[in-house]
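Notes follow the structure.
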Amino acid sequence: MDIQDLAAIAQQMVAQGKGIIAIDESSKTIKKRFDQVGIDCTEDTRRAYREMLLTTPNLGDHISGAILYDETLRQSTRTGQRFVDAMHAAGILPGIKVDLGTVGLAGFPGELITEGLDGLRERLKEYVGLGARFAKWRAVITIGDDMPSAACIDANTHALARYAALCQEAGIVPMVEPEVLMDGDHDIETCFDVTEAALRSLYAALYEHNVFLEGSILKASMVLPGKHCEEQADIDEVAEATLMCLRAAVPAAVPGIVFLSGGQSDEMATAHLNAMSQMGPHPWPLSFSYGRAMQSAALKLWARDMVGNFSAAQQTVAQRAKENGLAALGQWRA
Ligand code: 13P
C-alpha cells in the first residue's frame, strides 16, 4: 500500500452523501448500553446485535465505513460469513478501534489519557491482515475548573500523532479523534477555545510526526455549550461556531471531517450537520461518524424482540443513515 492508496481510502470514507457508523463500543461500554435496555451482554448477544446493524439492507447507500471493536472484526454472521467479508461485499470499509480506552492522567486529577501505543505496530499488522482499512483512536478532553491543562492536551495529541504515524506505516488510514466532552456547565465560548487549542496542538503534533494529512481523517466534536450550561445554543450558532473553529485549526489538506454525536439527540446531531453543510462550501467534506445517534433507536427496538423486530430495527438504521447522508449534503428536512 503506498501513500496514494491511503489518500484514496480516506476520500472513499467521506464520499458525497456518505458517512461512518461507529459500532466500536468496547465490551464494557456495550454492556452499559445493553443494561439500559435489559439485554444480557454475552459474546453472542454482541455478535447478534452487530449482525443486525451490519447486514442492514442497502446500508452502503449512505454508509462508507463502519468502525468495529476487536471482537467484532473477528466475528461472523449466523450463517458463517465473516462480518468483514459481508462489509466488503456491501461496499462498506471495515474500520477498527485500536486505542485501549482512557485512564487518569497522573498528576492531573480529573483528566484522562488514552492508552494503547505499546504493541500497536504488531496489532495493526494483524488488523490489516483481517481486512481493516482504517483505524480510530479517541482522545478525551474534559472541560472543568482549570481544565483542560496544556499537559493533558499535549500528551493526548502526542499519542494521537504516534498512533497516526504507526497506522500509515501499516497501510491503514488513521481517523484521529480528539473529543471535547459535552459534560459540564461551561458555555459555548469555552468549548470553542478548548476545541481550537486541542486541534492546533493535534495538527502541530501530526506535522512533527511526519503524518501524511491527505491519508488521514479527522473525527471532531462539535462546538457546543456544556450539557448543564444554562444558556443553550441554537442550531445555527452551533454550526457557525464549529465551522469557525475548524477553519482556524484544520489544514485544508485534510480530506474530510466527520463528527461524533457525543450524547446529542439523534435529531440534533443530524440538524447540526445539516446546518453546517448548508453553510458551505468548506475546505473539506463534512460528514458523520455517529455511534449513539445512529444506533439508539435500533437498539431499543431490537432489545424488545430480537427476532420479531430484526427487520424493523434495521429499517431504523437505514433511516438514520439516510437522514445523516442527506444532512451531509445539506438536504435534510426535519
Ligand atoms: P458517539 O457518536 O456516540 O459519540 O460515538 C462516536 C464515537 O465513536 C466516539 O468515539
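Atoms within a ligand are numbered from 1 in the order they appear, just like the ligands themselves. Treat the numbers as computed from the prediction; the structure is a model and nothing was measured.
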Please compare Gly262, Ser221, Ala269, Gly291 and report which has the shortest non-hydrogen distance to atom 5 (O) of ligand 1.
Gly291
Out of Glu177, Arg138, Lys219, whose heavy atom is nearest to atom 8 (O) of ligand 1?
Lys219
Backbone, side chain, both or neither: what part of Ser289 comes under 4.0 angstrom of ligand 1, heavy atoms only?
backbone
At a non-hydrogen distance cut-off of under 4.0 Å, which region of Ile67 contacts ligand 1 (side chain, backbone, both, or neither)?
neither
Can you name the atoms of ligand 1, numbered from 1 with element, that are less than 4.0 Å from a heavy atom of [X]?
X	value
Asp24	8 (O)
Ala22	8 (O)
Tyr290	2 (O)

Determine, for [X] against [Y], whether the closest basic-nitrogen to carboxylate-oxygen distance falls under 4.0 angstrom.
X	Y	answer
Arg247	Glu196	no
Glu169	Lys125	no
Arg46	Glu43	no

Stepwise, does the salt bridge (Lys or Arg N to Asp or Glu O under 4.0 Å) test hold for Arg47 with Glu51?
CA-CA 6 Å; Arg47 192 207 59 73; Glu51 172 168 355; 2.7 Å; yes
Which atom pair, heavy atoms only, marks the closest approach of Arg320 to Ala293?
NE-O, 2.9 Å
Let me have the donor-acceptor pairs involving side chains of residues 3-24, under 3.5 Å, with sequence neighbours excluded, atom names and distances please.
unit_1, atom_1, unit_2, atom_2, d
Asp5, OD2, Asp2, N, 3.0
Lys18, NZ, Gly60, O, 3.1
Asp24, OD2, Lys136, NZ, 2.7

Can you find an N/O atom of Lys136 closer than 3.5 Å to an N/O atom of ligand 1?
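Lys136 vs ligand 1: N/O contact under 3.5 Å present.
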Examine Arg292 against ligand 1 and note whether any of their N/O atoms are separated by less than 3.5 Å.
yes
On the ring face of Phe310, is Arg78 found with NZ or CZ under 6.0 Å from the centre and within 45° of the axis?
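Yes, Arg78 lies over the aromatic ring of Phe310.
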Measure the distance from atom 1 (P) of ligand 1 to every protein heavy atom, then report the residue, atom name and distance (to 0.1 Å) of the closest one.
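Result for atom 1 (P) of ligand 1: Ser261 OG, 3.3 Å.
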